[in-house]
Amino acid sequence: MSFSITTWNINSVRLRMPIIEKLVMQQQPDILCLQETKVINDLFPLAPLRAMGYEHIIIHGQKGYHGVAIASRIPLVEDHRQDFCGVGDARHISAIFERGGRRVRLHNFYVPAGGDEPDRTINPKFGHKLDFIEEMKQLHANAEPDTSAILVGDLNIAPLENDVWSHKQLLKIVSHTPVETEGLLEVIRGGAWVDLMRQTVPASEKLYTWWSYRAKDWEEANRGRRLDHIWGSADLGPLLQRIDILKEARGWDRPSDHVPVTAHFDL
DNA sequence: ATGGTCGTCTTACGA
């Protein structure tokens with residue numbers, strides 16, 4: 001048995017339906033996790049996703065901002081939303097699925113971007129991001145008995161030196177400041193998560209999932225960051241076949257600034 | 001060069 005899961009910050013799900021269809025045609029993931037859907041639940045485009053074979057869809061949206069969704073070809077049970085920082089943002093959705101006799105808890109996150117100034121005393125958005133990361137430290141990969149776990153999403157932090165185009169030049173840029181990168185690594189360590197993308201690509205290699213809209217030529221500049229992540233409980237590590245980062249999707253018509261990341265498992 | 005370009009609650013603001 002094989003199983004694949006894709007995470008993609010889509011930056012408006014309604015605007016991106018054409019490239020979501022393109023992704024599904026190419027990759028056919030069993031589960032598709034989206035972030036920044038930017039739409040209330042009543043207006044979420046369920047029909048086209050169902051037409052692509054995703055009959056099990058759970059959504060958590062709000063008007064204009066944030067929003068997460070899980071679209072699955074296998075049944076989802078026990079769906080759950082956690083209101084991180086208690087501010088009512090649609091930034092987390094979770095469900096359980098079963099595959100190959102295994103029970104798996106799936107978390108889909110959209111972590112706050114954190115604004116421009118990496119100082120919580122003058123930038124409340126940065127404080128919110130740090131508080132959100134602090135709350136994520138409660139999240140353990142082995143929290144539930146006889147249940148594996150996968151955590152995906154746009155975590156808006158590039159934790160390792162080679163997760164950004166220039167470690168030195170980005171040390172004071174939100175997404176790569178030491179307080180963020182150390183915080184995210186503590187979430188990983190404390191929760192006994194495995195960074196599955198880095199299990200297959202050594203930390204010495206550059207790895208990006210996001211390229212800014214603002215570059216004149218994103219591909220030529222190649223000033224990317226690894227903001228999107230796929231983590232797993234340790235038992236899933238040996239079952240991982242490969243990770244695909246679909247860089248070409250950054251060049252598709254009306255692209256998101258993030259590209260899809262897909263994990264393939266023997267599961 | 002402290003810019004640039006996307007998106008939506010669009011002439012403001014978040015990313």
Side-chain angles (χ1 to χ4, degrees), chain A residues 7-20 22-23 33-45 48 59-69 84-85 87-92 108-120 122-133 152-159 163-177 179-181 183-184 208-229 246-261:
Chain A
T7 181
W8 198 4
N9 177 318
I10 202 63
N11 187 13
S12 172
V13 66
R14 288 178 292 179
L15 206 56
R16 307 294 177 216
M17 248 11 261
I19 60 170
I20 290 175
K22 192 167 179 173
L23 168 85
C33 296
L34 300 173
Q35 304 88 33
E36 278 209 271
T37 53
K38 294 189 172 178
V39 67
I40 58 172
N41 291 348
D42 284 351
L43 296 178
F44 189 94
I59 54 181
H60 185 202
Q62 66 185 80
K63 192 172 183 178
Y65 297 108
H66 324 316
V68 286
F84 284 75
C85 302
V87 291
D89 287 351
R91 295 185 179 274
H92 170 262
N108 180 16
F109 275 96
Y110 176 52
V111 171
D116 286 334
E117 197 60 52
D119 179 347
R120 70 181 307 154
I122 57 174
N123 173 17
K125 285 189 283 219
F126 193 69
H128 178 211
K129 183 178 197 176
L130 297 181
D131 292 344
F132 197 104
I133 294 300
V152 306
D154 175 6
L155 305 185
N156 265 317
I157 297 174
D163 291 340
V164 293
W165 63 275
S166 169
H167 171 61
K168 283 184 179 171
Q169 285 176 259
L170 270 74
L171 275 169
K172 292 180 178 173
I173 301 298
V174 172
S175 76
H176 195 63
T177 65
V179 64
E180 295 170 84
T181 59
L184 197 69
Y208 312 141
T209 65
W210 172 90
W211 290 262
S212 172
Y213 283 128
R214 295 176 190 179
K216 194 158 39 180
D217 181 336
W218 68 273
E219 198 165 18
E220 167 64 26
N222 199 26
R223 293 183 167 190
R225 304 178 201 170
R226 184 170 73 112
L227 303 180
D228 303 275
H229 298 268
L246 198 63
K247 185 178 178 183
E248 68 166 76
R250 185 62 181 78
W252 288 351
D253 282 343
R254 306 215 58 189
S256 168
D257 44 356
H258 297 251
V259 299
V261 182

So, does K125(A) get its side chain near the phosphate of dG14(B), meaning an N or O under 4.0 Å from OP1 or OP2?
yes
Base-pair string, DNA chain B, Watson-Crick plus G-U, cut-off 3.5 Å on both distances, | for inter-strand, is ....((((...))))
Is it true that R250(A) and E219(A) have a side-chain N and a carboxylate O under 4.0 angstrom from each other?
no
Which heavy atom of N9(A) sits nearest a heavy atom of N11(A), and at what distance?
OD1-N, 3.1 Å
How about W211(A) and N222(A): does a side-chain donor come under 3.5 Å of a side-chain acceptor?
yes
Phosphate OP1/OP2 of dG7(B): any R14(A) side-chain N/O under 4.0 Å:
no
Can you measure R254(A) atom CZ to dT5(B) atom P for me and round it to whole angstrom units?
15 Å
To the nearest angstrom, the NZ-C1' distance between K63(A) and dG7(B) comes to 15 Å
What's the closest nucleotide to the side chain of R16(A) if the choices are dG4(B), dT8(B), dC6(B)?
dC6(B)
Counting only side-chain N and O atoms of S212(A), is one of them less than 4.0 Å from OP1 or OP2 of dC6(B)?
no
Looking only at atom C1', what distance separates dT10(B) and dT5(B), rounded to whole Å?
15 Å
Spacing between W218(A) atom CH2 and dA15(B) atom P, to the nearest angstrom
23 Å
Which residue lies toward the 5' end of DNA chain B, K216(A) or K38(A), if each is placed at its nearest nucleotide?
K216(A)
Nearest to the Y213(A) side chain among dC6(B), dA15(B), dT8(B), which nucleotide is it?
dC6(B)
Side-chain donor/acceptor of H176(A) to backbone N/O of A158(A), under 3.5 Å:
yes
Please give, in whole Å, the distance from dT8(B) P to H66(A) NE2?
14 Å
Do the side chain of R120(A) and the main chain of F126(A) share a donor and acceptor less than 3.5 angstrom apart?
no
In whole angstrom, give the distance that lies between atom CG of N9(A) and atom P of dG7(B).
12 Å
Nearest-Å distance once atom C1' is located in both dG14(B) and dG4(B)
16 Å
What is the distance, to the nearest angstrom, from the CD atom on E220(A) to the C1' atom on dG4(B)?
16 Å
Within the distance-only criterion (no hydrogens, no angle test), does the side chain of Y213(A) pair as donor or acceptor with the backbone N or O of W218(A) below 3.5 angstrom?
no
In whole angstroms, the gap separating C1' of dG7(B) from CD of Q35(A) amounts to 16 Å
Between atom CD1 of I20(A) and atom CH2 of W252(A), what is the distance when rounded to the nearest 0.5 Å?
10.5 Å
Decide whether S12(A) and E36(A) meet the rule of one side-chain donor and one side-chain acceptor closer than 3.5 Å.
no
Nearest to the side chain of E36(A) - dC6(B), dT8(B), dA15(B)?
dA15(B)
Let's see if you get this right: which residues in residues 108-117 of chain A place a heavy atom under 4.0 Å from DNA chain B?
Y110(A), A113(A)
Using distance alone, with no hydrogens and no angle criterion, decide if D228(A) and Y208(A) have a side-chain donor and acceptor under 3.5 Å apart.
no
I'd like the P distance from dC6(B) over to dA1(B), given in whole Å.
25 Å
Centroid-to-centroid, H92(A) to H60(A), below 6.0 Å?
no
Can you measure R214(A) atom CZ to dC6(B) atom P for me and round it to whole angstrom units?
11 Å
